[in-house]
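Notes to accompany the following structure.
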Amino acid sequence: MSNKDIIKLRKQLEKELDQSRFEHSLGVEYTSACMAFLYGEDVEKARVAGLLHDCAKCMDDDDKIKIMEKSGFPPLQEELDNHSLLHAKCGAIVARDDYDIEDEDILNAIRFHTVGRPNMSVLEKIVYVADFIEPCRKKLMIMDGVRKAAFTDLDQALLWIMESVTGYVQSQGKPVAPSSIAAYEYYKNQIKPDMSLRNI
Ligand code: FE
Ligand code: FE
């Protein structure tokens, strides 16, 4: 995919998102690109996945559900219980059908950017982490540390974000989606947290 193609995708996306969501998407595009430099991932793929990860975010929830049902990926119960999860899987369908993205790794990075999954590809991890750390994001207490970890050890950053997101959802008294728990448990068993990265 050429730079010209990416600019075309951007123009198309801008019409579908509100301004702050579009700015966020550009932030994820560039952050994903920088992480791709470091982790040896295809830079264009990282840009496209980062740019389009929230392409379905501003659609009506009912429309998201309809699109998912029509294309043979009906929402899971956890997505019906928490509508903020719908845009990820729906986004992969919209990216394929409306933005003509065929690359499975890009589509999976969009599909799993909210809950993650066990055994994620490097591109999936990059978009998951970039979504959390991009420059427009609200500055959370752990943000400086996570941003540094993202450019030091991708798995450590991933684990830290999963831990933080899971903890946050629980602190709100909401149930954590079973898919998020499965992903978090998988990485918790795989990776020992490097506390030295967290002491900054
Ligand atoms: Fe999202
Ligand atoms: Fe996002």
Side-chain angles (χ1 to χ4, degrees), residues 6 9-10 12-36 41 45-65 67-68 73 75-76 78-99 101 105-117 120-140 142-143 146-147 150 154 157-158 160-166 168-169 172 174 176-184:
I6 296 179
L9 292 178
R10 256 195 226 152
Q12 189 182 342
L13 182 72
E14 191 171 13
K15 296 190 196 117
E16 303 299 327
L17 299 181
D18 61 42
Q19 200 193 352
S20 66
R21 187 59 52 179
F22 182 64
E23 291 299 324
H24 162 70
S25 302
L26 296 180
V28 179
E29 178 192 339
Y30 287 126
T31 305
S32 298
C34 295
M35 293 174 70
E41 186 49 83
K45 280 190 356 173
R47 287 180 64 190
V48 172
L51 179 68
L52 296 181
H53 80 287
D54 273 344
C55 67
K57 186 81 180 184
C58 294
M59 292 169 70
D60 204 70
D61 285 342
D62 289 339
D63 291 339
K64 286 178 206 152
I65 294 170
I67 289 172
M68 291 165 81
F73 294 97
L76 302 171
E78 66 187 44
E79 292 164 326
L80 293 170
D81 292 343
N82 179 358
H83 282 182
S84 69
L85 302 179
L86 287 169
H87 75 285
K89 201 155 79 185
C90 184
I93 298 164
V94 172
R96 184 194 65 191
D97 295 350
D98 295 354
Y99 294 83
I101 305 301
D105 204 15
I106 295 178
L107 295 176
N108 283 332
I110 298 171
R111 191 173 289 133
F112 297 105
H113 83 267
T114 308
V115 293
R117 64 165 169 170
M120 292 162 85
S121 73
V122 174
L123 185 68
E124 289 170 39
K125 290 176 186 174
I126 285 176
V127 174
Y128 184 95
V129 173
D131 187 26
F132 189 87
I133 64 165
E134 64 91 9
C136 308
R137 279 288 193 202
K138 197 173 106 202
K139 210 130 188 278
L140 305 170
I142 60 166
M143 191 58 104
V146 176
R147 281 180 173 154
L154 186 56
L158 182 79
W160 196 356
I161 295 168
M162 285 181 169
E163 190 183 300
S164 152
V165 171
T166 309
Y168 175 76
V169 175
Q172 299 282 300
K174 291 188 196 149
V176 181
S179 301
S180 299
I181 297 175
Y184 177 40

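Order of listing sets the numbers, starting from 1, for every ligand and every atom in it. Numbers here are sequence positions counted from 1.
- Ion pairing of K64 with E79 is absent here, as no side-chain N (NZ or NE/NH1/NH2) approaches a carboxylate O to less than 4.0 Å.
- Take the N/O/S atoms of D131: the one nearest the Fe ion (ligand 2) is OD1.
- Among heteroatoms of the N, O or S kind in D54, OD2 lies nearest the Fe ion (ligand 2).
- Restricting H53 to its N/O/S atoms, the shortest distance to the Fe ion (ligand 2) is reached by NE2.
- Within a 6.0 Å radius of CD in Q172, other residues, nucleotides and ligands contribute more than 12 heavy atoms.
- Between the side chain of R137 and the backbone N or O of D131 there is at least one donor-acceptor pair closer than 3.5 Å.
- Angle NE2(H87) to the Fe ion (ligand 1) to NE2(H113), rounded to 10°: 90°.
- H87 and D61 share no donor-acceptor pair across their side chains, judged by distance under 3.5 Å alone.
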